[in-house]
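Chain A is the first sequence line, chain B the second, and so forth, proteins listed ahead of strands; every chain is numbered from 1.
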Amino acid sequence: MEEAVPLKKENGKTVMVALFQSQENIVGEVVIEPIHGKKVEHNGIKIELLGQIELYFDRGNFYDFTSLVRELDVPGELYERKTYPFEFSTVEMPYESYNGVNVRLRYILKVTISRNYVSNIVEYQDFVVRNYTPPPSINNSIKVVDKLIRKDIFPLKLNYTSMEVGIEDCLHIEFEYSKSKYHLKDVIVGKIYFLLVRIKLKNMELEIRRRESTGSGPNTYVETETLAKFELMDGAPVRDGPGISLTRATSNAFAGESIPIRLFLSPYELTPTYRNINNKFSVKYYLNLVLVDEEDRRYFKQQEITVYRLLESS
Amino acid sequence: MIADGVEDEEKWLAAGIAGLQQNAFYMHRALDSNNLRDALKYSAQMLSELRTSRLSPHKYYELYMRAFDELRKLEMFFKEETRRGCSIIDLYELVQHAGNILPRLYLLCTVGCVYIKTKEAPAKDVLKDLVEMCRGIQHPVRGLFLRSYLAQVSRDKLPDIGSEYEGDADSVVDAVEFVLQNFTEMNKLCYTACQSFILLADPELRLAVGLSGLQGPAREKEKREKERSELRDLVGKNLHVLGQIEGVDLDMYKDTVLPRVLEQVVNCKDELAQYYLMDCIIQVFPDEYHLQTLDVLLGAFPQLQPTVDIKTVLSRLMERLSNYAASSADVLPEFLQVEAFSKLNNAIGKVIEAQPDMPTLGVITLYSSLLTFTLHVHPERLDYADQVLGACVKKLSGKGKLQDNKATKQIVALLSAPLEKYNDIVTALKLSNYPRMMEYLDSETNKVMATVIIQSIMKNKTRISTADRVEALFELIKGLIKDLDGSPDDEVDEDDFKEEQNSVARLIQMLYNDDPEEMFKIICTVRKHILAGGPKRLPFTVPPLVYSSLKLVRQLQSQEENPFGEEESTTPKKIFQLLNQTVETLSNVPAPELALQLYLQCAEAANDCDLEPVAYEFFTQAYILYEEEISDSRAQVTAIHLIIGTLQRMHVFGVENRDTLTHKATGYSAKLLKKPDQCRAVYACSHLFWVDDQDNIKDGERVLLCLKRALRIANAAQQMSNAARGSTGSVTLFVEILNKYLYFYEKGNPQINVAAIQSLIELITTEMQSETSTPDPAADAFFASTLRYIEFQKQKGGAVGEKYEPIKV
């Protein structure tokens, strides 16, 4: 075993388990030692490598997307401690281990000692798979221009819907993130430009939201979690009096206020983006820019980002 | 309601401090146990107290200062951490994980400083990052304090020239860029803060202000103004930092610093802030830079808000430049090179145009500063000074006399400046606009100004030596010389008036030229002016003029030996004629005693010039005055003694004239009202007949007559006294007469003999012992000392002793 990583078990305890990635050889030994002085009769011993997806709304049913078997012993009797080496060569493990809200993807090694008349002896060992990707060749910046924000930002409270028109003339911002794809230890860098501010903003936050969807068709379950709330701005570049437009183009020293964004992803427990894993589930990440005004009305704009696990070249 | 607001604020501050201290305590514990994670956690929580919106800037500052102190400890810890091997880059990232922006940025600035110190990254990059990241705080007060923190902690870490953080070429540019950017941002925040100031205060206050309209209670307004100025101080600190960056040379200042700073100042559009920042610029940067960038700097003034107190700022600028010019003569060519004067002059013109509401006071203040400037920088360019005055006159024209007290004071200051500078009114007299300027003063101030001018002349002992200048000078001080139209006479304080006229009198004495021709012209000029002064002034102004003229007479007299003497047009005769007319004017006042005195002075001068008719004429005038004008008995006594004294010294008169005059004088003496006065005048007349150094006037007989007459009068006086009061009164008169006897006896008057003296002594002794006499210690002492004198003379021996020997005491 090369590396151990923590894994949260169903009972809430964290244990250290082996870490693999796809195409690796999974090599090991199974040691069986009967209780002293007793013999164990069996109909054969096998080890299986299973990749399973478990949907919580369908608890108990596992979808094995990978299943490999190695026979360790022919039927016979065991008198004493015996060691069986095993090897699964270049195992295809396309999906990463994942422990979500409504879904779990796990890899296990399952050793079965088959017996007649009495129940089989079964032992499981979890391991974790992580797959690395090289940096994407295309990684465009995300740029949201004013038209979008004007149309899309609206107060969450329904009774403010009527203000939508008003907002068009009140708030005019532009923002951009330097990339659309981020690795897990990446930094989100960007800028927000305030072009027209006539509402009294209190602050602005950047949220990282995870959207996990499971199932398909009418049985689709969507769960959204906010993993990070990161304050970007305290107060707002408000200019007094109506009609003062802050355009980035003018040379006016007061115009074109820009607020920097720099958010380190490392403190947050992110996973890579998973798209349609075995037709069972997807995990997607979004950056949600939230503006809060002095009356606590919230205006937001959400952008999807892709998260990947960077293959470190070293 | 407001009181509640203030109380609440105190409460919030106390709560903030408590929260801050609690977290600081946990932070210290984490620092002590080298627990970085906890240290970051608690420091962030501690800094969260600064996120409050409930405190006014003043109270917020208190909280901020406490956090500031705690952050110093944290900084030390970070330093140690890096020494222990913790990567500063990791640390720099780690603090940025904080979810709340304000604590995050305070921590970032703190770590950033350590980062610069480790020199693992160029200072400029770290600073640039910090100043950029701080944009996240747009809340005006919180932003201002954060940026002020940044400015504070970074000021010793700028990549300045000579600094250990100096990077590769042009790193000063980065340092300047950093400070400028921070300044720009703070300026914007400050602007917002000032604009929305009411909203920053607590809700109670907001309500209170809302209720009472925008002005708010005066106390609240004052409080807000104070807090605004405190905020501006935070902004201004950046300019101080800029001023301290060694590497800012003139070119950089000219090309980068000044334009950027001015752009901010112009854009901030807040009158108080603009005033404050302009003042900061002027105070912070070297004079030399100001001089070389005068165009740019002055160009900004007309762009400021019309209500900005530009005059003060500009005045300070000119004051600084003036001092700079005064500091060393080497810098003067620079002033010429950049044409500082014309630039300032233009700028002032433009500012006045741009601010039509500027009060006259402001206008005058500006010109006054400009004048001071040009006097310091171009003392030789009188035309500049005149130009300034001219411009000022132009601005004032059409406004009539100034009513504003302060403005007139300022004009006085303006007009005094050249006097102080040149120490010489003569120079000021060359300024054609000078008198025009004075037109704008009310008569009261005009007088003040005139007094200032005179004092200047006195102080510097300036000699005004040509008639033209005298003419100009009197034009300037005409407020003192004559009643200006419409001046309310009755308001003038008697003492002040005397003071003023005395100073004019002193001034007249200062007008002098060695050349009699010119001096005569001066006298004529002065005469022309003072005669216009009216009866109240003449008693003050005529005497100095008369004495001045007499001085000229004496001068001519002493020069008489020179060959041109006869050809000169200025002759004593001519002067005397003038004098006669001058003194005559006093009769209109009327001031007969004074006139009489002056006539006698003139007579004496004429005597010295051997001009008998002239002297006689003066005496005649004096006698006429005595007869016709002087009726007060006391004045008569004084006058008669003056007449006698003067007449005694006259040697120019022939026997006939002298007799006439002497006779008259004796007659006047005998006609005085009081007996003692009569007595004294009569024995004084005895001297008219006995002049020591003139052998032709030694008429012993008439001397004796006079003395005898005096004795008779003294006797009569005693009897009168006896009749009226029952006591004979003092023997003083007798003793006085005895002294006269002794005098003439000693001088060898044959008519005065021992017997006469002896009997007089006896008379006095008897009188003193008589029962009816009033004891008079003064008279007794006088008599005793007279007797002692006789004894003394006896003991001298020789001719004198012999002479006194027969007198028995």
Regarding A/D296 and A/K202, does a basic nitrogen lie under 4.0 Å from an acidic carboxylate oxygen?
yes

B/Y64 vs B/F145 aromatic rings, parallel, tilted or perpendicular, using cut-offs 30° and 60°?
tilted

CA sep, side-chain torsions, deciding dist, call: B/Y149, B/Y106, ring-ring contact (aromatic ring centres under 6.0 Å, His included):
CA-CA 8 Å; B/Y149 178 74; B/Y106 272 105; 5.2 Å; yes

For B/R260, is it the side chain, the backbone, both, or neither that has a heavy atom closer than 4.5 Å to a heavy atom of chain A?
neither

Looking at A/F230, does the NZ or CZ of B/R104 lie under 6.0 angstrom from its six-membered ring centre and within 45 degrees of the ring axis?
yes

Highest number of heavy-atom pairs under 4.5 Å with chain B: which of A/L206, A/L263, A/L232?
A/L232

Looking only at A/I192, A/N203, A/D234, A/I259, the option with the highest number of non-hydrogen pairs under 4.5 Å against chain B is A/D234

